Amino acid sequence: MSSGRTALARHIVRLIEETGPIPLSQYMALALGHLEHGYYMTRDPLGMRGDFITAPEISQMFGELIGLWLADSWMAQGAPKSFVLAELGPGRGTLMSDALRAMRAVPDMVAAAEVHFVETSPVLRKAQKDLVPQAIWHDRIDSLPDRPLFLVANEFFDAMPIIQYQRTGRGWCERQIGLTDGRLSPVLAPVPLAGDKGLPPAMRDAPSGAIAEICPAATAIAETISSRISASGGAALIVDYGHLRSAPGDTLQALRGHQYVDPFDTPGEADLTAHVDFEMLALAVRDGGAQAHGPVEQGAFLAALGIEARAARLREKATGSQARDIDAALRRLTAPGEMGSLFKVLAVTPQGAAAPAGFV
Ligand code: SAH
C-alpha cells in the first residue's frame, strides 16, 4: 500500500498514526517547507517545465511596471535617501531584476535601495543570486531592517498555510488531516470551536456544510508589513489570486506539471496553495496601523499603469513572432478570465498618504 507514497507522505502518515489528525496548516507547511522533502526545498517549480508559471515569468512588462509603481511611491514619500527594497518569495528573482532595470530611469533610487529577499528555498535562493547578486536574504520578514520599507509580494501569500472549519449541527469543527482507509484525507475534529470568533465576519450566516478558511500566517505577515510602514514609511504591493471579499468554500488546490491533482496524494511533489482572502488581508493591514488600498483586479491595475503603451514600445523593436508573444503575454496578464480578473492587487501606505498609482 505504501509503495506509491512519497517519502513525505510516509512521514506524515506515521505522524498521524502517532499523534492523531493534524491541522491542515501543519500539513501544508510540511508539504511545502519540510527541510528535506518539502516542495519548495527541493526544486525550482516555475516555468514551462515546472508545475506553474507566474506573471514575472510570462513577461518582463510585469516587473517593470511594478518597479515604476515602487518608484512612484518612493517619490511620493519624499524619496528617502536610504530604504529597504524587499520582496517576499522572489521565485527566480525575475520580478526584482526587471523592477530594478525600470527604476534606473529614476535618478538616485537604485543607489538608495538596499535589496532584501525573504526566501526559504535554497534552490530558488541560488537562482535569485544569479539575477540579483546584491540581495540580502532572510528566512522571515521579522529580520528586515528598520527603515522605510518598499515591498512587493507576488504569489507569496497563496503559499501560506491555511486552517479550515466546517459548519455542522454542533458548530464550526476544524477540518483536519487524518487517515481514511490508510489514506491521507480531511476529517472533522470532534469538538467544535466555541462560537465563531476568529472566523471572517462574512461566515456568520454561512449554511450548514459551509467551509471557512483562515490564514493566520498571512494575517500576521500583513500586520507586520503594515506596522512597519506605519512606523517608518514606505509602501507595499500584494498581488495574488483570491477573492475580493471573504466567502465560504474550500480553495485548497494542488498543481503538478500544470495539472490539478489531489492535494493529499503526493505531498512534497505538488505545489499546494489556497486562494487569498483579500478582505482579511485588508483588515490585518488596518490592525497594523497603515492604510489599505483596493483590492483591485490585476487587469485594471496593469492597464492603469500603462501596460498597453509598454507593450507597444516593445513591439516596435520586435520581430513578427516576438510581437505575437508580446500580445499573448499582454492578454494573459490582463484579460478577464485569465490572470486579469483572477488576480487581485492590494496596496499598503502610511495613513493619510494619497492613493497610489492604479488605486485612484
Ligand atoms: N514571486 C515569484 C515566485 C512565486 S512562488 C514569482 O512570481 O514568480 C512562491 C515563492 O515563495 C517561492 O519563491 C517560494 O520559495 C517562496 N516561499 C514559499 N513559502 C515561503 C515561506 N514560508 N517563507 C519564505 N518564502 C516562501
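What you see is a predicted model; the values in this text were computed from it and never measured. The first residue of the sequence shown is numbered 1, and numbering continues consecutively from there. Each ligand, and each atom within it, is numbered from 1 in the order the structure gives.
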Ser143 side chain to Arg140 backbone, donor-acceptor under 3.5 Å: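 Indeed, once roles are kept as given, a pair shorter than 3.5 Å links the two residues.
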Out of all atoms in ligand 1, which are within 4.0 Å of some heavy atom of [X]? Include the element for each.
X	answer
Glu155	4 (C), 5 (S), 9 (C)
Thr120	20 (C), 21 (C), 23 (N), 24 (C), 25 (N), 26 (C)
Pro56	6 (C), 7 (O), 8 (O)

Any N/O of Ser121 closer than 3.5 Å to an N/O of ligand 1?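 By distance alone, the answer is no.
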Please report whether ligand 1 has a polar contact with Glu119, defined as an N or O pair separated by less than 3.5 Å (distance criterion only).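 N/O-N/O distance below 3.5 Å exists for this pair.
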Report the part of Arg140 (side chain from C-beta onward, or backbone N, CA, C, O) that has a heavy atom under 4.0 Å from ligand 1; answer both or neither where that applies.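 The answer is neither.
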Below 4.0 Å, non-hydrogen atoms only: which portion of Leu124 touches ligand 1? Side chain, backbone, both or neither.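 The side chain, only.
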Looking at non-hydrogen atoms alone, which of Asp240, Asn154, Asp51 comes nearest to atom 7 (O) of ligand 1?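 Shortest heavy-atom distance from atom 7 (O) of ligand 1: Asn154.
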Nearest to atom 1 (N) of ligand 1 by heavy atom, Pro122, Gly89, Gly91: which?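 Among Pro122, Gly89, Gly91, the closest heavy atom to atom 1 (N) of ligand 1 comes from Gly89.
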Worked verdict on Ser232 versus Asp146 for side chain to side chain contact (heavy atoms under 4.5 Å, CB included): CA-CA 7 Å; Ser232 310; Asp146 229 350; 3.7 Å; yes
Looking at Asp98 and Arg101, is there a salt bridge between them, counting it only when a charged N and a carboxylate O are closer than 4.0 Å?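 Counted as a salt bridge, because a side-chain N and a carboxylate O are separated by less than 4.0 Å.
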How far is atom 22 (N) of ligand 1 from its nearest protein heavy atom, and which residue and atom is that?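 Heavy-atom neighbour on the protein nearest atom 22 (N) of ligand 1: Met160 CE, 3.7 Å.
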I need the nearest protein heavy-atom contact for atom 6 (C) of ligand 1: residue, atom name and distance, please.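 The closest heavy atom on the protein side is Thr54 OG1, 3.3 Å.
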